[in-house]
Amino acid sequence: MEPIRTDIAYQECINADCRARFDVAEPLFECPTCGDLLDVRYDWSSPVLPKRLEDFEEKWSVPGDPLAFSGVWQYHELLPFAPPQNVVTVGEGKTVFQQADRVATYARMNPGRLFLQYEGMNPSGSFKDNGMTAAFTHASLVGATRAVCASTGNTSASVAMYAAVDGRIPAIVLVGSGKIAYGKLAQALDYGVRVVEVEGDFDTCMHRVKQVAKELGIYLMNSLNPFRLEGQKTIMYRVIEGLLWDVPEWVVVPGGNLGNSSAFGKAFRELHDVGLISRIPRLAVIVADGADTLYRIVNEERLAWNDGRVDDARIAAFYEQMDAEDRRARTVASAIEINRPVNLKKCLRALEWTDGLVEKVADQEILDAKAHIGAGGFGCEPASAATVAGVRKLREADVIGPDERVACVLTGHPLKDPNITVAYHTLQEQAIRETYEAYSFHGAPYANRPIPVPDDLDKIVHAIQS
Ligand code: F0G
C-alpha cells in the first residue's frame, strides 16, 4: 500500500451555514466560529486508498508492526490524520465478531443471520479504546500536556489506561458521584488518574468538563472530539471484515452520547463515496426508555438533519421543556443514562445517510436480552444488550426481516457492572421491585439462580444432579 498521506486531512464544521475549516493540528472540540460540531475530513481525490477492501488483508501478515496489529490502525489509510510515528496504540480493536444462533432465536431471527460484535474485548473492556487510541494520537500530534473527560465509566477507564501506558499525557476524569459502575471506577483508580467525583449525573459532568477543558486548556477526550470518532469508524470496518468484506443489512447500536452512531454513519458514507462499498446498511439506534431524548427528537418531534441545517431552536425548546419538568435520565444501563447527547446532530446525519431509525426499550427488556447474550457467549454490560432487545422488538414489528443480516455492536464487557448481573440472577421478585423501584426492572424470568447447599456431599450431589 501507498505511504500514509496526512496532508489530505482537515477539520470542518458540520453546519451547512458555516463549514469553517481548520488544520488537524488545532486541538478543537467545537467550531470556534459557530460552536457547532466538527468533522475530520479527507480529500480522497489523490490515489491514497486501496482499490478493494480485501487489500487490507495485507496487514494480517506484517509481523512486529504494532500498527498492523491494531484493529484500528490496520485501517490507517481510512483515518490518515496522523503519521505512524505519532500513533499511540496498545493493540486495541482485536475484537470478536460472532455468529450467534442461540441469541438469534431469542431475537426472533433465523439461524445464521444475527452477529455480535464484541467490543468489550478491547484492552480496557469497551469500544472506547477504538476512539481513544485516535484521540491520544491526536493529542500527541498537537503536543497536549493533560487530558480530561466526563464519563459514565468506560470513557474514564479507557482514558486512564492510555494515559498510564503512554505516560506523557496525565489525565483527569469527571464522574457523577454514585453514577459509575464499580468495575470502571476500579480501573480508573488503579490506573492512577485523578478521579473527580462531581455531585450530579453524566449530563452535569459533560457540561462541566467542557468548561474545565476551556478554562485550563486541557485536551478533551469525550466524543465531542472528532478524532475519537475516526477511531470508532473502524468497528464497522471490522464488521465488514467479519462478513468477509460484505456489508450486513442492519447495524444495531446502543445510543448514549451518540458517538458510535455518528461514527458508523460516517464510516459507511465515506466507504460508499470512494467506491469501496456499493450499499450502505441501515442503522438502528436503540435507547433506553428512561433516557430517550433521541427517540423523542426523531420519532415525536420529527427533527431531521435537513442538509446540515438542523432546527436548533426546536432542540433548545425541547431541552428547556426537559429542564422545566426536571426530567433526568434514569436507566439500569448506566452507560447510556444520558439525556443531552452531545453528538445529537451528527447522529441525525447518520440516520439520514443510512436510512436509519431509532427504537427504545425498557430496562426489563435490556436485562432479559443481556441474560440471553451472556448464556450465548462472552456476555456484555447492560447498554450493549439494548441492541438485542431492540432487534427483538423490531422483528416483532416486522421492521427487520428474519433473514436479513443484523450486526449488533456489544459495546462493553460484562465485568463493567457485576452488581446488576448478580442482582438479576439472585434476587427474588419482591427484592427486585424494592431495590429497583425507580427503574422499569421488575423480575428476572431468565435468572440462573445459584443453589445454596450445606457442606454435605449428598446435598451437593443432589444440587448437581437435580
Ligand atoms: N455502550 C457503552 C458500554 C458505553 O460505555 C457507552 C457510553 C455507550 C454505549 C454509548 O455510546 O456515546 O457512542 O452513544 N459511555 C460513555 C462513558 C458515556 O462515559 O463511558 P455513544
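Counting convention: from 1, in listed order, for ligands and their atoms alike. What you see below is based on every heavy atom in this structure, not just the backbone, and it leaves out hydrogens, waters and symmetry mates.
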Could you tell me whether the side chains of Ser177 and Glu199 share a donor-acceptor contact shorter than 3.5 Å? no
Using 30° and 60° as the class limits, which term best fits the ring planes of [X] and [Y]: parallel, tilted or perpendicular?
X	Y	value
Tyr439	Tyr436	perpendicular
Tyr446	Tyr106	perpendicular
Tyr75	Trp245	perpendicular

Starting from [atom], locate the nearest protein heavy atom and write down its residue, its atom name and how far away it is, to 0.1 Å.
atom	value
atom 4 (C) of ligand 1	Ala335 CB, 3.3 Å
atom 18 (C) of ligand 1	Thr152 OG1, 3.4 Å
atom 17 (C) of ligand 1	Thr155 OG1, 2.9 Å
atom 11 (O) of ligand 1	Phe127 CZ, 3.7 Å

Among Tyr118, Tyr237, Phe115, which residue satisfies the ring pair (Phe, Tyr, Trp, His ring centres under 6.0 Å) criterion with Phe97? Phe115
Within-cut-off N or O pair, [X] and ligand 1, under 3.5 Å:
X	value
Ser151	yes
Leu258	yes
Gly412	no
Gln232	no

Salt bridge [X]-[Y], side-chain N to carboxylate O under 4.0 Å:
X	Y	value
Asp36	Lys345	yes
Glu249	Arg279	yes
Arg314	Glu301	yes

Is it the case that [X] places NZ or CZ above or below the six-membered ring of [Y], under 6.0 angstrom from the centre and within 45 degrees of the axis?
X	Y	value
Arg146	Tyr219	no
Arg19	Tyr10	no
Lys370	Tyr424	no

Contact with ligand 1 for Ser126, non-hydrogen, under 4.0 angstrom: no
Sub-4.0 Å heavy-atom contact, Gly255 with ligand 1: yes
Relative to the heavy atoms of [X], which atoms of ligand 1 are at a distance of less than 4.0 Å?
X	result
Ile336	8 (C), 9 (C), 10 (C)
Ile338	18 (C)
Asn260	13 (O)
Gly153	19 (O), 20 (O)
Glu381	3 (C)
Gly259	12 (O), 13 (O), 14 (O), 21 (P)
Gly256	10 (C), 12 (O), 14 (O), 21 (P)

Using a 4.0 Å heavy-atom cut-off, which part of [X] comes near ligand 1: side chain, backbone, both, or neither?
X	result
Val253	neither
Asn343	neither
Lys128	side chain

Could you check which of Ile286, Asn154, Asn257, Thr411 puts a non-hydrogen atom nearest to atom 12 (O) of ligand 1? Asn257
Apply the test side chain to side chain donor-acceptor pair (under 3.5 Å) to residues Glu119 and Gln117: give CA-CA distance (whole Å), side-chain angles for both, the deciding distance (0.1 Å), then the verdict. CA-CA 6 Å; Glu119 289 302 312; Gln117 177 71 23; 2.8 Å; yes
Is there a donor-acceptor contact under 3.5 Å from the side chain of Asn343 to the main chain of Lys346? no
